[in-house]
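As the structure lists them, so they are numbered: ligands from 1, and atoms in each ligand from 1.
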Amino acid sequence: MMDFTLTSLATITIFVTSKMAMLDIPNLSTIRLSETSASDWKYISEGGATIVFSYRGPPHPSFDGTVLRLRKQKLHQALPKTADGVQMFCETPDAAGPDDPMIEFQQNVIGRLISPEFLVQLQLVDIEHQWLENFALQHDFLRPEGRRQVDTIDLSKGKAMLATDLVGSKGCAVEIKPKWGFLPFPAHLSPETSPVKLQTCRTCMHTHLRQSRGEPAAVDYCPLDLFSGAEERTVRAIRGLWNAWMDSGGAVNNLRIFSQGEMLKPDEGESIAIWSQTIFGLNNPTLDELRESFVGALLPIIMETPVLRTLSRLQRTLDALDREGLCKLRAEAEALRSLPSDDKARLSRPTPVTETHLSEPTTTEWASFLDSYLTSNDALDHGDPSPSNLRYYILAYLLSATFKDCSLIMKLPSTHDERGFVKVIDLDPKSVNKMKGWEMLDQQLVESYAKISGALRRICRE
Ligand SMILES: O=P(O)(O)O[C@@H]1[C@@H](OP(=O)(O)O)[C@H](OP(=O)(O)O)[C@H](O)[C@H](OP(=O)(O)O)[C@H]1OP(=O)(O)O
Ligand SMILES: Nc1ncnc2c1ncn2[C@@H]1O[C@H](COP(=O)(O)OP(=O)(O)OP(=O)(O)O)[C@@H](O)[C@H]1O
């Protein structure tokens with residue numbers, strides 16, 4: 001049985017040095033947001049943890065073609081999700097710290113797993129408190145009401161992130177949040193959960209739960225179709241996303257459409273008319289015509305990009321035990337902890353759960369984990385995991401969660417905007433504090449889905 005200890009400092013030093021050289025991140029402490037005014041930035045969109053603005057001010061070498069990504073702060077802690085699905089529990093790893101760990105994480109972890117052509121250039125910038133306060137004051141009221149009730153720009157941060165603006169001010173960009181692209185590894189599922197979880201994917205179960213609560217949900221969309229690589233299924237997935245976008249008035253977060261730098265909403269007739277004319281050359285199309293043009297434009301991009309396959313492989317291989325197997329492994333390690341020390345010493349693979357198992361991974365630990373994952377994950381017996389590898393599996397699960405929650409932004413090719421592209425965004429590290437919430441949600445999803453009669457359950461195929 002292979003045993004990973006995540007502390008190989010020699011390897012880590014070499015790795016960090018070579019990676020920094022490769023990505024050539026400049027020293028950006030000289031870039032000052034206070035050189036711009038709040039009105040130079042236009043609200044683009046937001047997720048559970050961050051809010052994004054595009055630079056639209058006078059020409060500036062540091063800000064042209066960039067977005068500003070600011071951290072948000074919950075107004076209230078430990079609340080359930082709101083009706084529009086805004087996540088309200090569990091903090092991100094940096095919630096208490098002044099800086100954003102994202103850049104380091106993208107260099108040291110994500111950059112080793114996803115080809116740089118699919119990643120966005122990120123830069124850390126200093127923010128002066130007064131500037132941020134004024135910025136928040138000017139922009140907060142333009143945010144969606146549902147979001148404003150939950151969180152606000154985090155004024156405690158001294159740094160923010162600049163990233164390449166993928167939406168731009170011309171042409172059409174499409175954002176898809178694909179979610180979970182695999183069915184779980186069966187080895188650790190219980191007899192009760194196994195028939196449910198092996199037939200219906202996690203995202204479809206979540207959709208059902210949301211639907212039953214009257215929340216917006218992408219009911220016709222299954223990520224396994226999108227990830228399938230098969231044309232017919234990909235068409236079905238894009239149609240499903242489009243239908244959800246239409247039916248929810250653009251409220252579901254699985255599909256966002258940006259036209260000329262603005263987020264499009266299905267009920268904005270004039271913008272839709274301009275969009276359909278400029279992007280598809282359609283005048284007064286029927287909704288079906290518009291949908292099929294949209295599908296036709298997106299299909300080749302999705303079929304050709306290798307990045308969906310990469311994401312699904314990463315999600316799956318990093319979640320080799322399923323949440324249930326991980327919980328069992330932790331329980332096994334906890335049971336070992338309570339053994340008398342003489343008995344522990346005699347065990348072939350002891351690993352009681354310690355504080356370090358539940359701490360946030362450091363940069364060096366991530367680097368060491370990646371070394372192990374890239375060289376030896378396939379050689380591990382995931383059907384009979386060793387408690388001594390508990391920490392390895394915890395880090396793997398955290399990283400899998402990042403890939404399960406990221407989004408793609410695809411720029412449609414157009415005459416004035418040359419080539420299209422596909423980029424992966426929102427590759428933030430997830431916090432170990434989320435484990436409990438994930439466990440509860442997993443149980444809730446399966447329990448709720450198991451109540452549906454078998455014949456009505458969705459069958460998701462890989
Ligand atoms: O648990 P899920 O699958 O609902 O994912 C959450 C997302 O909900 P979704 O299903 O995509 O609408 C949720 O998205 P929204 O806030 O609903 O747009 C967040 O992305 C959340 O991550 P974080 O708390 O921002 O780090 C996500 O939480 P994690 O599971 O990634 O921790
Ligand atoms: N580089 C970019 N260019 C243009 N728009 C962007 C960029 N990065 C993010 N966005 C927009 O901002 C939104 C919020 O960003 P992001 O998904 O990173 O936030 P988040 O809070 O981490 O999301 P989640 O809740 O899904 O975890 C995205 O959904 C996208 O619409």
Side-chain angles (χ1 to χ4, degrees), residues 42-55 65-72 74 81-95 100 102 106 119-123 143-144 146-147 150-151 154 161-169 173-180 201-207 209-210 215-218 223 244 248 250-258 261-264 315 319 323 397-411 421 423-442 444-445:
K42 182 174 162 37
Y43 174 85
I44 293 290
S45 180
E46 62 191 284
T50 67
I51 175 164
V52 170
F53 299 85
S54 163
Y55 183 71
T66 66
V67 291
L68 177 64
R69 190 169 182 248
L70 297 171
R71 285 272 159 202
K72 301 197 295 183
K74 302 279 183 257
K81 276 194 162 189
T82 60
D84 65 351
V86 179
Q87 189 79 32
M88 295 173 77
F89 65 89
C90 295
E91 293 296 305
T92 46
D94 71 321
D100 200 313
M102 176 60 200
Q106 181 142 171
L119 298 176
V120 177
Q121 286 265 323
L122 303 175
Q123 305 178 338
R143 299 173 54 214
R147 296 281 188 188
V150 180
D151 51 30
D154 186 346
M161 220 162 58
L162 282 182
T164 315
D165 185 350
L166 302 175
V167 165
S169 55
V174 176
E175 178 179 349
I176 292 180
K177 191 178 196 184
K179 302 299 290 185
W180 298 37
C201 78
R202 194 265 195 186
T203 303
C204 286
M205 287 196 276
H206 205 170
T207 296
L209 185 68
R210 288 190 163 130
E215 296 171 6
S248 70
V252 291
N253 64 7
N254 302 93
L255 178 69
R256 287 176 177 143
I257 302 173
F258 298 89
E262 305 248 355
M263 198 194 288
L264 211 58
Q315 291 178 2
D319 182 2
R323 193 277 310 163
Y397 197 81
L398 291 182
L399 192 50
S400 173
T402 293
F403 294 116
K404 290 163 181 165
D405 196 41
C406 68
S407 299
L408 302 177
I409 293 191
M410 288 160 272
K411 190 79 184 229
F421 59 72
K423 300 277 180 188
V424 188
I425 60 157
D426 194 9
L427 290 160
D428 288 341
K430 296 285 178 181
S431 167
V432 281
N433 293 337
K434 291 201 135 201
M435 288 285 183
K436 194 71 209 163
W438 288 332
E439 192 180 325
M440 284 158 52
L441 184 56
D442 182 62
Q444 190 184 13
L445 291 179

inquiry  = Test of understanding: with salt bridge (Lys or Arg N to Asp or Glu O under 4.0 Å), list the residues that count as partners of Arg323, not counting sequence neighbours.
reply    = Asp442
message = Please list, in number order, the atoms of ligand 1 under 4.0 Å from a heavy atom of Arg202.
response = 1 (O), 2 (P), 3 (O)
inquiry  = So Phe421 and Leu166, do their side chains get closer than 4.5 Å, heavy atoms only?
reply    = yes
request  = Decide whether Ser407 and Asp426 meet the rule of one side-chain donor and one side-chain acceptor closer than 3.5 Å.
outcome  = no
query = Between Leu441 and Gln444, is any pair of side-chain heavy atoms under 4.5 Å apart?
reply = yes
task = Using heavy-atom distances, let me know which of Leu441, Asp405, Asp151 sits nearest atom 20 (O) of ligand 1.
result = Asp405
ask   = Checking Arg143 side chain against Tyr43 main chain: does a donor-acceptor pair fall under 3.5 Å?
value = no
query = Do you know which of Asp405, Thr207, Thr203 makes side chain to side chain donor-acceptor pair (under 3.5 Å) with Lys179?
reply = Asp405
task = Could you tell me whether Lys42 and Asp165 make a salt bridge, using a distance below 4.0 angstrom between a side-chain N and a carboxylate O?
result = no
task = Before signing off on this row, confirm whether Trp180 and ligand 1 have an N or O atom pair separated by under 3.5 Å.
result = no
remark   = Note: ligand 1 atoms sitting under 4.0 Å from heavy atoms of Lys434 are 22 (O), 23 (P), 24 (O), 26 (O), 28 (O), 29 (P), 32 (O)
inquiry  = Main chain of Val167, side chain of Lys411: is a donor-acceptor contact present, judged purely on distance under 3.5 Å?
reply    = yes
inquiry  = Minimum distance, heavy atoms only, to atom 5 (O) of ligand 1: which one of Met435, Lys404, Lys179, Arg210 is it?
reply    = Lys179
key: Per-atom contacts, ligand 1 versus Ala49 - under 4.0 Å to a heavy atom   = 25 (O)
task = Please identify each residue that fulfils salt bridge (Lys or Arg N to Asp or Glu O under 4.0 Å) with Lys423, with sequence neighbours left out.
result = none
ask   = Under 4.0 Å from any heavy atom of Gly48, which atoms of ligand 1 are there?
value = 16 (O), 25 (O)
ask   = For Tyr397, what residues pass the ring-ring contact (aromatic ring centres under 6.0 Å, His included) criterion, not counting sequence neighbours?
value = Trp438
query = Can you check whether Trp438 has an N/O within less than 3.5 Å of an N/O in ligand 1?
reply = yes
task = Would you mind telling me if ligand 1 is within reach of the side chain of Arg147, the backbone, both or neither, using heavy atoms under 4.0 Å?
result = side chain
What short N/O contacts, under 3.5 Å, does ligand 2 make with the protein, listed by atom pair and distance?
residue, atom, partner, partner atom, Å
ligand 2, 1 (N), Thr164, O, 2.8
ligand 2, 3 (N), Leu166, N, 3.0
ligand 2, 17 (O), Asp426, OD2, 3.4
ligand 2, 18 (O), Arg69, NE, 3.0
ligand 2, 18 (O), Arg69, NH2, 2.8
ligand 2, 19 (O), Thr50, OG1, 2.8
ligand 2, 21 (O), Gly48, N, 3.1
ligand 2, 21 (O), Ala49, N, 2.7
ligand 2, 21 (O), Thr50, N, 2.7
ligand 2, 21 (O), Thr50, OG1, 3.3
ligand 2, 22 (O), Arg69, NH2, 3.1
ligand 2, 22 (O), Asp426, OD1, 2.7
ligand 2, 22 (O), Asp426, OD2, 3.1
ligand 2, 23 (O), Asp426, OD2, 2.9
ligand 2, 25 (O), Gly48, N, 2.4
ligand 2, 26 (O), Lys177, NZ, 2.9
ligand 2, 26 (O), Asp426, OD2, 3.0
ligand 2, 27 (O), Asp405, OD2, 3.2
ligand 2, 27 (O), Asp426, OD2, 2.7
ligand 2, 29 (O), Glu175, OE1, 3.3
ligand 2, 29 (O), Glu175, OE2, 2.4
ligand 2, 29 (O), Arg256, NH1, 2.6
ligand 2, 31 (O), Ser45, OG, 3.2
ligand 2, 31 (O), Glu175, OE1, 2.4

